[in-house]
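What's counted below: heavy atoms across the whole structure, side chains too, no hydrogens, waters or symmetry copies. Letters go in sequence order (proteins before strands), and every chain restarts at 1.
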Amino acid sequence: MTVTRFAPSPTGYLHIGGLRTALFSWLTAQHDKGKFLLRIEDTDMARNSEEAKDAILKAFEWVGMSHDGEVVYQSKRFDLYKKYIDQLLKEGKAYKCYMSKEELAALREEQMAKKERTRYDGRYRDFTGTPPEGVDPVIRIKAPQEGMISFKDGVKGEMNIAATEVDDFVIARADGAPTYNFVVAIDDALMGLTDVIRGDDHLYNTPKQIVVYNALGFKIPNFYHVAMINNEQGKKLSKRDGATDVMDYKTMGYLPEALLNFLVRLGWSHGDQEIFSIEEMIVLFDPKNINKSSSNYNLDKLLWLNAHYIKNKPNAELAELLKPFGVDIAEHDKLEMLLDATKERGKTLVELAEQINLILRAPESYDEKAAKKAFKGEAKEILRDFASMLQNWDKPLHLPVDYHAVMEKIVADKEIGFGKIGMPLRVSLMGAMTGSGMDEIMAILGADETVSRIEKAIKKIA
RNA sequence: GGCCCCUUCGUCUAGCGGUUAGGAUCCAUGGUUUUCAUCCAUGUUACAGGAGUUCGAGUCUCCUAGGGGUCACCA
């Protein structure tokens, strides 16, 4: 069975790039009807925070990516790691290193001066003498000293790293706490991971982890290293480039399905298809199709996708989603009409909320340019007659077509073009020259409110 | 600096030795709409550069350039 995972360290919010690798992992598991596990990498007690962990979990909840089983916390598994450290020590596959931090720094400086690769020189690898006083040793693992460490990466292809590139790295600190590459390999193996999908900044950790897998006799999973997401300029994505926190997209009025659709197309594709429902992604996703090259983050496409998903969302659901944006129309009797008239005009929920408020709230002022153009000539008279027609109309006024009939009547009676009534009417009702169709707006407002706004505008003209 | 990875329209990408190099987004123009938006149509723009291999190269090989990653008792 396919088992994938996402393993963030709780040092901050969930990053947009992290969400993409999580999505790839999640899709791979869903596709194979396998399991997607969540593990919190909190071995560095100094940098962890409970808030960060909660923020990450919350982000997952928002996008609707659920994990299987309990969340695994590495901080609760130290006994387990300790067991494996002792085992390796006993088997002679790991050893105590008494080199002080100062000595290590000196060695590194020396190597840098010689323009060599900085690496631990293995001086305690076969040490049998008396250890120096006053130094708490670290534990280092014996990495192969010659040959190649090879693995097949599902994205990058065949990888061959010279053993000389991997030194005897530390698996337990002086205080006994295990280190990242050690615990990741153990947990991935013990949790039964079959496919490890992660950012390619981890590419160089892989040979190290393979050393651990081999030392402990664990089965090596498939690796997929996904290239980074850069900003529009092709540089590393940073906070300066706008939203990098997944939850920022919620507050900016993006739909999770739009964000996921956007992310799945960054580094992955299925022919010419652009729109993928979650179900389609699950059916079609294959990590083998992940691109080798890095991709640039581009807001245009996300905006386009978001507009698409808003347009196609049922009105009742939209009404619920709009609540956090200060628009509560769930109980509005013209809900359907209101959203049908506005949802094609908002690329985000924020914009959609603005569009709705533009209709629901009587204009406090009139756009200067629009008013100048619309409220001229006989506009005042036309508006007055139109209001009067609305008040004396002998048929019911409910639907847009009912109001359209009134407009047709005034146009016919006065032998004027639609613009003559349309423009002043629009500015009277909305305060501006843009927006939804007049028939729809009037039907939403009702005759009384329409007349009231017209009268207010007439006063303004005078 | 060592090692490793990457390079098709501005951006996301299709392409897996033979295509007028396709789609999407953006932008522009036109149509629809009493306005705006939507929608529809049309258009501009790309194989980083150079050598090879081959009848034929975006596709294979090498070199160069550019970009990125990584070199912790962080994860």
Side-chain angles (χ1 to χ4, degrees), chain A residues 7-11 41-44 46-48 74 97 99-101 104-105 108 111-112 114-120 136-140 153 155-157 159-162 164-167 169-181 183-184 199-205 207 225 227-228 230 232-236 262 265-275 291-305 307 311 341-347 351 355 370 373-374 407 411 417-423 425-427 430 432-439:
Chain A
S9 59
T11 52
E41 313 232 306
D42 52 355
T43 53
D44 186 353
R47 285 173 51 191
N48 297 331
Q74 290 187 323
C97 169
M99 202 169 175
S100 70
K101 285 188 182 179
L104 197 55
R108 201 169 285 144
Q111 288 168 332
M112 260 155 56
K114 284 194 272 184
K115 294 204 188 298
E116 282 174 5
R117 175 182 161 72
T118 56
R119 65 198 304 281
Y120 173 66
D136 290 326
V138 299
I139 315 284
R140 290 181 181 272
D153 188 280
V155 176
K156 310 276 185 193
M159 294 292 303
N160 298 295
I161 311 289
T164 50
E165 290 295 315
V166 179
D167 61 6
F169 60 94
V170 173
I171 58 172
R173 302 176 176 91
D175 65 3
T179 60
Y180 174 76
N181 282 119
V183 298
V184 166
D200 74 357
D201 49 338
H202 285 289
L203 197 59
Y204 253 69
N205 289 142
H225 287 97
M228 303 278 96
N230 295 323
E232 219 146 336
Q233 288 73 241
K235 300 288 179 190
K236 193 174 175 172
F262 170 70
R265 285 287 288 100
L266 243 38
W268 178 82
S269 60
H270 181 261
D272 285 341
Q273 188 169 346
E274 295 288 347
I275 308 283
N291 280 177
K292 287 173 193 258
S293 51
S294 58
S295 38
N296 291 3
Y297 171 92
N298 174 247
L299 201 65
D300 284 337
K301 202 119 180 190
L302 174 59
L303 223 38
W304 172 72
L305 281 164
K311 269 181 290 187
T342 49
K343 67 201 230 183
E344 285 179 352
R345 265 164 259 271
K347 288 189 192 299
E351 288 179 11
Q355 288 296 326
K373 198 174 171 192
M407 284 187 76
V411 164
F418 261 104
K420 286 279 183 204
I421 173 65
M423 280 201 296
L425 185 57
R426 173 173 298 285
V427 178
M430 308 278 288
M433 285 290 269
T434 62
S436 310
M438 294 314 308
D439 305 339

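Per the geometry, CE belonging to Met407(A) stands 15 Å off P belonging to rU33(B), to the nearest Å. When rounded to the nearest whole Å, the span between CD of Glu165(A) and P of rG2(B) equals 11 Å. Between the CD atom of Gln74(A) and the C1' atom of rA75(B) there is a distance of 9 Å, rounded to whole Å. When the C1' atom of rU33(B) is taken as reference, atom CE of Met423(A) falls 15 Å away, rounded to whole Å. Taking atom CD of residue Glu344(A) and atom C1' of nucleotide rU33(B), one finds them 12 Å apart after rounding to whole Å. For the pair Glu351(A) CD and rC36(B) C1', the computed distance is 13 Å after rounding to whole Å. If you measure from atom CZ of Arg345(A) to atom P of rU33(B), you get 15 Å, rounded to the nearest angstrom. Remark: C1' of rG10(B) and OH of Tyr297(A) are 17 Å apart, rounded to the nearest angstrom.
Put simply, Lys311(A) has a side-chain N or O that comes within less than 4.0 Å of OP1 or OP2 on rC39(B). Between Asn291(A) and the phosphate of rA14(B), there is a side-chain N or O to OP1/OP2 separation shorter than 4.0 Å. Residue Thr179(A) places none of its side-chain N or O atoms closer than 4.0 Å to OP1 or OP2 of rC73(B). Contact annotation: Lys292(A) reaches the phosphate of rC6(B) (side-chain N/O to OP1 or OP2, under 4.0 Å). Taking only side-chain nitrogens and oxygens, Ser436(A) never comes nearer than 4.0 Å to OP1 or OP2 of rA37(B).
Proximity of a side-chain donor or acceptor of Asn48(A) to a complementary backbone N or O of Asp42(A) within less than 3.5 Å is detected. Panel note: side chain Arg173(A), backbone Pro178(A); a donor-acceptor pair is recorded below 3.5 Å. Using a distance-only test at 3.5 Å, with no hydrogens or angles considered, a donor-acceptor pair links the side chain of Asp175(A) to the main chain of Ala177(A). Without hydrogens or angle criteria, Arg119(A) side chain to Phe169(A) main chain gives no donor-acceptor distance under 3.5 Å. Side-chain atoms of Thr342(A) never come within 3.5 Å of backbone atoms of Gln355(A) as a donor-acceptor pair (strictly under, hydrogens ignored). Proximity of a side-chain donor or acceptor of Thr179(A) to a complementary backbone N or O of Val170(A) within less than 3.5 Å is detected.
Heavy-atom neighbours of Lys156(A) NZ from other residues, nucleotides or ligands within 6.0 Å: above the threshold of 12.
Here the CG atom belonging to Asp200(A) is positioned 12.0 Å from the NZ atom belonging to Lys292(A), to the nearest 0.5 angstrom.
The partner of rC3(B), taking Watson-Crick or G-U wobble pairs whose two distances both stay under 3.5 Å, is rG69(B). Using Watson-Crick or G-U wobble geometry with both donor-acceptor distances under 3.5 Å, rG58(B) finds no partner in any strand shown. With a 3.5 Å ceiling on both atom-pair distances, rU53(B) lacks any Watson-Crick or G-U wobble partner. Figure legend. rA48(B) is base-paired to rU64(B); pairs are counted as Watson-Crick or G-U wobble with both atom distances under 3.5 Å. In this structure, rU35(B) makes no Watson-Crick or G-U wobble pair, since no nucleotide meets both defining distances under 3.5 angstrom. Using N1 to N3 plus N6-O4 or O6-N4 for Watson-Crick, or N1-O2 and O6-N3 for G-U wobble, each under 3.5 Å, rG43(B) pairs with rC27(B).
Contact annotation: the side chain of Lys236(A) never approaches that of Met228(A) to less than 4.5 Å [non-hydrogen atoms, C-beta and beyond].
Nucleic acid contact class of Gly346(A) (heavy atoms, under 4.0 Å, all strands): none. Across all strands shown, Ser9(A) has heavy atoms under 4.0 Å from sugar-phosphate atoms exclusively, and none from any base. Residue Ala174(A) is classed as a base contact, given a heavy-atom separation below 4.0 Å to a base. Residue Met438(A) is in base contact, counting any heavy-atom pair closer than 4.0 Å across all strands shown. As judged by a 4.0 angstrom heavy-atom cut-off over every strand, Met99(A) is placed among the base-contacting residues.
Taking for each of Thr43(A) and Asp439(A) the nucleotide of RNA chain B with the nearest heavy atom, the 5'-most of the two is the partner of Asp439(A). For the pair Leu266(A) and Ser293(A), nearest-nucleotide mapping onto RNA chain B gives the more 5' position to Ser293(A).
For the P atoms, the distance linking rA21(B) with rU45(B) amounts to 13 Å, nearest Å. Rounded to whole Å, the separation between the P atoms of rG68(B) and rU20(B) comes to 37 Å. Taking atom C1' in both rU25(B) and rA57(B), one finds a spacing of 29 Å when rounded to whole Å. Across the C1' atoms, rG52(B) and rU42(B) are found 42 Å apart, a figure rounded to whole Å. Using atom C1' as the reference point in both rC6(B) and rU13(B), the two lie 16 Å apart (nearest Å). Using C1' as the reference atom, rU7(B) and rA48(B) are 7 Å apart when rounded to the nearest Å. Distance check on atom C1': rG43(B) versus rU34(B) gives 29 Å, rounded to whole Å. rC63(B) and rC5(B) have their P atoms separated by 12 Å, with the value rounded to a whole Å.
Residues Arg345(A) and Glu351(A) are not paired through a salt bridge, judged by the lack of any N-O separation under 4.0 Å between the basic side chain and the carboxylate.
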Could you list, one pair per line, each protein nitrogen or oxygen that sits under 3.5 Å from a nitrogen or oxygen of nucleotides 68-72 of chain B, together with the distance?
residue	atom	partner	partner atom	Å
rG68(B)	OP1	Lys235(A)	NZ	3.1
rC71(B)	O2'	Arg117(A)	NH1	3.4
rC71(B)	O2'	Thr118(A)	O	3.2
rC71(B)	O2'	Thr118(A)	OG1	3.2
rA72(B)	OP2	Arg108(A)	NE	3.4

Item to check | From CA spacing to verdict: side chain to side chain contact (heavy atoms under 4.5 Å, CB included), Phe262(A), Tyr297(A) | outcome: CA-CA 10 Å; Phe262(A) 170 70; Tyr297(A) 171 92; 3.9 Å; yes

Item to check | Stepwise side chain to side chain contact (heavy atoms under 4.5 Å, CB included) test for Tyr180(A) and Ser9(A) | outcome: CA-CA 10 Å; Tyr180(A) 174 76; Ser9(A) 59; over 6 Å; no

Item to check | Derivation and outcome, side chain to side chain contact (heavy atoms under 4.5 Å, CB included), residues Lys235(A) and Asn230(A) | outcome: CA-CA 5 Å; Lys235(A) 300 288 179 190; Asn230(A) 295 323; 5.8 Å; no

Item to check | Sequence-aligned protein contact record of nucleotides 16-32 of chain B, with B where the base is within under 4.0 Å of a protein heavy atom and S where only the sugar-phosphate is | outcome: ------BBBSS------

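Candidate nucleotides rA37(B), rU13(B), rC5(B) were compared by shortest atom distance to the side chain of Ser269(A), and rU13(B) ranks first. Distances from the side chain of Asn296(A) to the nucleotides rC4(B), rG2(B), rC12(B) place rC12(B) closest.
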